[in-house]
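Everything below concerns the one structure shown next.
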Amino acid sequence: MEALSSQLRDLILNTRVPLIIDQFPIGWECFRGSLHDWCERFDKEAAGPPAFELMSLTDCSTPQWERKRMRVNDMSMQQFLRDYGYLEDDQTHWAAYQYKRAHEVPASCLKGIDFSCFGFPEHQNDFTFWLGSEQANTPCHYDTFGVNIVVQVYGSKSWLLFPPETPLQSTRVPYEESSVYCLDNFYAPAQDKLPRLLEYSDQAYQCTLQPGDVLIVPRHWWHYVEATATSLSLNYWVPLKDDMDLALDEFLVKHIVESFVKGESEQTKQYLLNPNQLEDVSSTPSELFAQFQQAVQNAESEEHKRKLWETDYLTQSKFRELLARVLLTVRPLEVMPKEEYKLLLESNSKRLQAETRTAAASSPISSTLELLISSMCAPRTIAGMKREFFRRLRQGEA
């Protein structure tokens, strides 16, 4: 198995397109029973009820951002399966317990999980759980850091992916440190938006993961994810040496967004910041800079050092040779047929047409201000600021 795990590690760190590993023999102890068994153990051992999110199916004129979801703290895992295990015709919401770290899950529910089978023994339990009912989704985004290993444990989940160069409408509103979101609404695209979305048909990749499937998402690939049945998956972001170069980028973006938050109403804060960022606002710019310096020092110190991996060290010919000889079904994802992409968008668009016509919630900030924030935080803008900073830094050292 050691040779296989090192082969998989080389494929994961060198692929330029998403990879699917079909029916990977994981054998992790906590998943040997059914999803009901896993949920029952969770309820018995958890210190308190899990924090679920509920999202209205009809609130879909914009992406289903986390800020739009209702938090519930009185629903057990088994009640979730009873109430949301199957999406009935009269269902009004989807439910999810997602983006939950290992320390938030009872020990028996993560027993045996070990990403060393993929060549990464130094994972330090830094993996994340995603449980959701049918239609639970994550708006289109790309991850700021790492290569993503996704393991589908129960149920099924659809992934729609685009390469980094695809000109989707990026935004940092809502701001989340580890994600760059996209304004394009793939859950329920408006009819008048379909022609522009169809322009990306040559760059659209799609797969539906089944239990035992593993998806490798290369660095900075856009992805929209939706459960097609009640689903439990988990993922691990492989830390990369290239991630260190992005620490300054994220510091600059955080400073820009927080400058528009300080002194504003709670409504504005909740609009501009993802819920997991609301308690992480620095009191002053100097405090934020001190946090940035400390984070860099921690990453570089022996005490806090974690294994950071190189990428793209194999030539494409060496990569293809390795892919051909690995003793598993590992296949690069291919661009989906244009007609299938069109049908997917048109099918999802019907959700918006069926939406209950209610007054849309007004934004606490003007659309012009939101555009300004997104423009200031755009990757090309941040890259220009970094170039100027390092130019001045070199001048000062000369």
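All values below come from the heavy atoms of this structure, side chains included, with hydrogens, waters and symmetry mates left out. All residue numbers refer to positions in the sequence shown, counting from 1. Here the structure is a predicted model, which means the values were calculated and not measured.
In this model, no donor atom of one side chain and acceptor atom of the other lie less than 3.5 Å apart for Ser156 and Gln210. Side-chain N/O atoms of Ser366 and Thr368 include no donor and acceptor closer than 3.5 Å. Looking at Thr171 and Ser374, their side chains do bring a donor and an acceptor atom within 3.5 Å of each other. Looking only at atom types and distance, the side chain of Glu339 has no donor-acceptor partner in the side chain of Tyr341 under 3.5 Å away. Between the side chains of Thr208 and Gln206, a donor-acceptor pair is found at a separation under 3.5 Å. Checking Gln135 against Tyr187 by side-chain atom types alone, a donor-acceptor pair falls below 3.5 Å. For the residue pair His123 and Asp114, a side-chain donor N or O sits within less than 3.5 Å of a side-chain acceptor on the partner.
Applying the ring pair (Phe, Tyr, Trp, His ring centres under 6.0 Å) rule to Trp237 yields no partners; only residues at least two apart in sequence or on another chain are considered. Among residues two or more places apart in sequence or in another chain, the salt bridge (Lys or Arg N to Asp or Glu O under 4.0 Å) test is passed with Lys111 by Glu29. The ring pair (Phe, Tyr, Trp, His ring centres under 6.0 Å) check on Tyr236 picks up Phe115, with sequence neighbours excluded. Every residue was checked against the ring pair (Phe, Tyr, Trp, His ring centres under 6.0 Å) condition with Trp94, not counting sequence neighbours, and none meets it. Residues meeting the salt bridge (Lys or Arg N to Asp or Glu O under 4.0 Å) test with Lys68, sequence neighbours left out: Asp59.
Classified by interplanar angle (parallel below 30°, tilted 30° to 60°, perpendicular above 60°), the ring pair Phe251/His255 is parallel.
Using a cut-off of 4.0 Å between Lys/Arg side-chain N and Asp/Glu carboxylate O, Arg69 and Glu53 are scored as salt-bridged. A salt bridge between Glu346 and Lys350 is absent, with no side-chain N of the basic residue lying under 4.0 Å from a carboxylate O of the acidic one.
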Got a list of side-chain donor-acceptor pairs under 3.5 Å for residues 317-333, not counting sequence neighbours?
unit_1: Ser317; atom_1: OG; unit_2: Thr315; atom_2: OG1; d: 3.1
unit_1: Arg331; atom_1: NE; unit_2: Asp22; atom_2: OD2; d: 2.9
unit_1: Arg331; atom_1: NH2; unit_2: Asp22; atom_2: OD1; d: 3.2

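Listed by first and then second residue, the ring-ring contact (aromatic ring centres under 6.0 Å, His included) pairs that reach into residues 45-88 are Phe52-Phe80, Phe52-Tyr97, Trp65-Tyr181, sequence neighbours excluded. Pairs passing the ring-ring contact (aromatic ring centres under 6.0 Å, His included) check and including a residue from residues 363-387, sequence neighbours excluded, do not occur. Screening residues 280-289 for salt bridge (charged side-chain N to carboxylate O under 4.0 Å, His left out), with sequence neighbours left out, gives Lys254-Asp280. Listed by first and then second residue, the salt bridge (charged side-chain N to carboxylate O under 4.0 Å, His left out) pairs involving residues 206-220 are Arg219-Asp243 (not counting sequence neighbours). Evaluation of the salt bridge (charged side-chain N to carboxylate O under 4.0 Å, His left out) test over residues 164-192, restricted to residues two or more places apart or in two chains, returns Arg172-Glu250, Asp184-Arg196. Contacts classified as salt bridge (charged side-chain N to carboxylate O under 4.0 Å, His left out) and involving residues 152-162 (residues at least two apart or in different chains) are not found.
Judged by a 6.0 Å distance limit and a 45° cone about the ring axis, Arg67 is positioned over the six-membered ring of Tyr271.
Within the 4.5 Å cutoff, the side chain of Phe127 has no heavy atoms near those of the Asn235 side chain.
Distance check, rounded to the nearest 0.5 Å: CG of Leu252 to CE of Met385 gives 4.5 Å.
Put simply, the residue from Leu308, Leu246, Leu13 that forms a side chain to side chain contact (heavy atoms under 4.5 Å, CB included) with Leu240 is Leu13.
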